[in-house]
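Some notes on the structure that comes next.
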Amino acid sequence: QVQLVESGGGLVQAGGSLRLGCAASGRTFSWYAMGWFRQAPGKEREFVASISWNGGGTYYSDSVKGRFTIFRDDAKNTVFLQMNSLNAEDTAVYYCAQGRSSQPTSTWDYWGQGTQVTVSS
């Protein structure tokens, strides 16, 4: 059974940084792409970033490009999202996902439970 467990969310001031982590278990981590999505109150879930199975390819939404970095540590079965220069529009529940393709619009097989990120202005 695949499990994805996010961590690292919290309250941060505008301009600050946070690093989210997502620990995966249940199947061979290094075979799969990983992604981060977010959902703000009253809005639909949106793509944030993704990374290919071998780390060789990444995608970012326009809203986070240049501020967020996704990377993976296969030895720890964990994907990370480094978030810098945070602003109030980044406030959301952040979810990690695992799938067979890192394409943002691909089907993601498994999802975590989410972690709250709140940016105070």
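If you read the sequence from its start, that first residue is 1, and numbering goes on from there.
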For Tyr32, the rest of its hydrophobic cluster, which grows through side-chain links under 4.5 angstrom: Trp31

Among residues at least two apart in sequence or on other chains, which ones pass ring-ring contact (aromatic ring centres under 6.0 Å, His included) with Tyr59? none

Of the non-hydrogen atoms in Leu11 and Ser120, which two are nearest, and what is the gap between them? CD1-CB, 4.2 Å

Report yes or no: is the cationic atom of Arg100 (NZ for Lys, CZ for Arg) closer than 6.0 Å to the six-membered ring centre of Trp108, at no more than 45° off its axis? no

Once salt bridge (charged side-chain N to carboxylate O under 4.0 Å, His left out) is applied, what residue pairs with a partner in residues 4-30 remain, sequence neighbours excluded? Arg27-Asp109

Does Thr91 use its side chain to pair, donor to acceptor, with the backbone of Thr118 at less than 3.5 Å? no

Dump the intermediate steps for side-chain contact (heavy atoms from CB on, under 4.5 Å) on Arg45 and Trp111, then the final yes or no. CA-CA 12 Å; Arg45 186 170 59 193; Trp111 295 84; 3.6 Å; yes

Quick check on the 6.0 Å ring-centre criterion: do Phe37 and Phe47 meet it? yes

Please name the pair of heavy atoms, one in Ala33 and one in Ser102, separated by the smallest distance, quoted to 0.1 Å. CB-N, 3.6 Å

Using links of under 4.5 Å between side-chain heavy atoms of ILVMFWY residues, direct or through other members, which residues join Phe80 in one cluster? Phe71

Hey, could you give me the OG/CG distance between Ser121 and Asn87, rounded to the nearest 0.5 Å? 9.5 Å

Only pairs at least two apart or in different chains count here, so list each disulfide bond (SG atoms under 2.5 Å apart) that has a residue in residues 32-88. none

Mind checking what makes side-chain contact (heavy atoms from CB on, under 4.5 Å) contact with Ser25, not counting sequence neighbours? Gln3

Applying disulfide bond (SG atoms under 2.5 Å apart) as the test, list every pair that has at least one member in residues 17-121; sequence neighbours left out. Cys22-Cys96

Enter the distance from Thr58:OG1 to Arg72:CZ here, rounded to the nearest 0.5 Å. 12.0 Å

Contacts satisfying salt bridge (charged side-chain N to carboxylate O under 4.0 Å, His left out) that involve residues 89-99 (not counting sequence neighbours) are Arg38-Asp90, Arg67-Asp90

Name all pairs fulfilling the salt bridge (charged side-chain N to carboxylate O under 4.0 Å, His left out) condition that reach into residues 49-63, sequence neighbours left out, sorted by first residue then second. Asp62-Lys65

Listed partners of Lys43 passing salt bridge (charged side-chain N to carboxylate O under 4.0 Å, His left out), at least two apart: none

Does any N or O in the side chain of Ser101 come within less than 3.5 Å of the main-chain N or O of Gln103, such that one atom is a donor and the other an acceptor? yes

Looking at every heavy atom in both Gly56 and Asn54, which two are closest together, and how far apart are they? N-OD1, 2.9 Å

By side-chain contact (heavy atoms from CB on, under 4.5 Å), which residues pair with Ser7, not counting sequence neighbours? none

Other hydrophobic cluster members with Tyr60, side-chain heavy atoms of Ile/Leu/Val/Met/Phe/Trp/Tyr under 4.5 Å, chained? Val2, Leu4, Val12, Leu18, Leu20, Phe29, Met34, Trp36, Val48, Ile51, Val64, Phe68, Ile70, Val79, Leu81, Met83, Leu86, Tyr94, Tyr110, Val117, Val119

Check: Ser61/Ser63 side-chain N/O donor and acceptor closer than 3.5 Å: yes

If you measure only the distance, is there a donor-acceptor pair under 3.5 Å linking the side chains of Thr78 and Asp73? no

